[in-house]
K.L.:
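My questions all concern the structure below.
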Amino acid sequence: MRINPGKCVGCGQCRVFCPMGCIAFTRKDKGGQIQCRINEDECVDCEVCLRANACPTDALEQPPAAWPRSVRGTFSNPLITHKETKVPGRGTEEIKTNDVTNRYKCGYVGISAELGRPVLGARLRDAERVFMVLAPLAVEFEKQNPLTSLLADPATGKLKEDVLGEKVLSCIVETIAPIERAAEILDALDKVAGEIESVFSVDLISRVEEDLSIPALEMLKREKRSYALNGKINIGLGRLCIKGADC
Ligand code: SF4
Ligand code: SF4
């Protein structure tokens with residue numbers, strides 16, 4: 001996002017809408033008139049300021065973003081759909097649609113690392129740090145996640161070099177693994193957590209079994225790990241759409 005200096009009158013009305021806090025007051029060199037300026041390196045192209053329709057002079061402008069800058073908008077603007085997954089925002093549905101997608105089968109868990117949030121955001125080099133600590137464990141990176149499509153080398157977890165400096169509002173590294181492997185994956189994430197230059201949270205995603213047990217919960221208790229439960233409840237409107245899918 002940019003502010004057209006020929007149009008900005010420095011009213012500041014756009015600033016409160018920016019979730020990254022990257023719109024600042026500045027001064028013209030001549031005349032001393034106050035204007036606003038966007039720190040384009042911190043801006044994630046979410047377009048919240050534009051959609052707020054707060055600018056009285058139409059000074060906010062979103063120029064077409066070329067690669068690799070274009071990844072900012074696709075991960076941060078909830079109105080843009082990822083071409084890989086057809087899902088907007090972070091581009092993944094995780095367990096929300098599991099009753100029709102069956103991504104998380106019995107005996108498997110999803111382990112995800114969520115990076116960034118409003119104000120902080122996340123650079124994609126932090127996502128690479130997570131990928132690189134998980135890749136040697138030969139885990140399966142979720143194909144229906146747009147970050148996975150940015151991998152240059154799934155065997156090492158290296159991302160495409162040109163996206164590493166790009167900043168997004170948030171993103172999520174997703175893996176699916178047999179529950180027996182969950183503890184070692186969580187241990188690996190513990191090791192990398194201190195290297196992440198943003199907020200970093202770990203999700204352990206599990207279906208509830210037919211007998212209402214949650215094996216992942218038992219594993220967390222055995223491992224003496226702290227956790228906060230969060231349920232996504234499907235009410236049975238969906239029907240499994242994968243032919244021949246096992247449980
Ligand atoms: S596009 Fe988003 S991050 Fe960039 S200045 Fe506007 S509100 Fe802030
Ligand atoms: S709302 Fe428009 S005129 Fe006011 S500071 Fe922002 S860009 Fe400038």
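This one's a predicted model, so the numbers in the text were calculated from it and none came from an experiment. Read the numbers this way: they start at 1 and go in the same order the structure lists the ligands and their atoms. Each residue takes its place number in the sequence, starting with 1.
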K.L.:
Could you check whether atom CZ of Phe200 has more than 12 heavy atoms from other residues, nucleotides or ligands sitting under 6.0 Å from it?
P.N.:
yes
K.L.:
Thinking salt bridges, do Lys158 and Glu128 make one under a 4.0 Å N-O criterion?
P.N.:
yes
K.L.:
So if I count the atoms of ligand 2 from 1 in the order they appear, which ones are less than 4.0 Å from some heavy atom of Cys36?
P.N.:
5 (S)
K.L.:
Under 2.8 Å from atom 2 (Fe) of ligand 2, is there an N/O/S atom belonging to Cys55?
P.N.:
yes
K.L.:
So if I count the atoms of ligand 1 from 1 in the order they appear, which ones are less than 4.0 Å from some heavy atom of Pro19?
P.N.:
7 (S)
K.L.:
What I want to find out is whether Glu184 reaches Arg181 closely enough, with some N-O distance under 4.0 Å, to be called a salt bridge.
P.N.:
yes
K.L.:
Hey, which atoms in ligand 2 end up nearer than 4.0 Å to a heavy atom of Thr57?
P.N.:
3 (S)
K.L.:
Give me the nearest non-hydrogen protein atom to atom 2 (Fe) of ligand 1 as residue plus atom name, then the distance to 0.1 Å.
P.N.:
Cys46 SG, 2.3 Å
K.L.:
Quick one: do Asp45 and Arg69 make a salt bridge, cutoff under 4.0 Å?
P.N.:
yes
K.L.:
Below 2.8 Å, can you find an N, O or S atom of Cys49 next to atom 6 (Fe) of ligand 1?
P.N.:
yes
K.L.:
For ligand 1, which atoms have a heavy atom of Cys18 less than 4.0 angstrom away?
P.N.:
3 (S), 5 (S), 7 (S), 8 (Fe)
K.L.:
Less than 4.0 Å between a side-chain N and a carboxylate O, is that true for Asp190 and Arg225?
P.N.:
yes
K.L.:
Side chain, backbone, both or neither: which part of Glu47 comes within less than 4.0 Å of ligand 1 when only heavy atoms are counted?
P.N.:
backbone
K.L.:
So is Cys14 touching ligand 1 or not, going by heavy atoms under 4.0 Å?
P.N.:
no
K.L.:
For ligand 2, note which part of Cys8 has a heavy atom under 4.0 Å away: side chain, backbone, both or neither.
P.N.:
both
K.L.:
Identify the closest protein heavy atom to atom 4 (Fe) of ligand 2: which residue and atom is it, and at what distance?
P.N.:
Cys11 SG, 2.3 Å
K.L.:
Under 4.0 Å, heavy atoms only, figure out whether ligand 2 is touched by the backbone of Val9, its side chain, both or neither.
P.N.:
both
K.L.:
Is Leu60 touching ligand 1 with its side chain, its backbone, both, or neither, if touching means heavy atoms under 4.0 Å apart?
P.N.:
neither
K.L.:
Less than 4.0 Å between a side-chain N and a carboxylate O, is that true for Glu40 and Arg2?
P.N.:
yes
K.L.:
So does Asp41 pair up with Arg72, basic N to acidic O under 4.0 Å?
P.N.:
yes
K.L.:
Could you identify the single nearest non-hydrogen protein atom to atom 3 (S) of ligand 1 and state the distance to 0.1 Å?
P.N.:
Val44 N, 3.5 Å
K.L.:
Do the non-hydrogen side-chain atoms of Leu115 and Val130 ever get within less than 4.5 Å of each other?
P.N.:
yes
K.L.:
Report, in ascending order of atom number, the atoms of ligand 1 lying under 4.0 Å from any heavy atom of Cys22.
P.N.:
3 (S), 5 (S), 8 (Fe)
K.L.:
Looking at Arg129 and Asp126, is there a salt bridge between them, counting it only when a charged N and a carboxylate O are closer than 4.0 Å?
P.N.:
yes
K.L.:
Tell me, which protein residue and heavy-atom name are nearest atom 5 (S) of ligand 2, and how many Å apart are they?
P.N.:
Gly12 N, 3.2 Å
K.L.:
I'd like to know if the side chain of Ser198 reaches the main chain of Gly121, judged simply by a donor and an acceptor atom lying under 3.5 Å from each other, with no hydrogens or angles considered.
P.N.:
yes
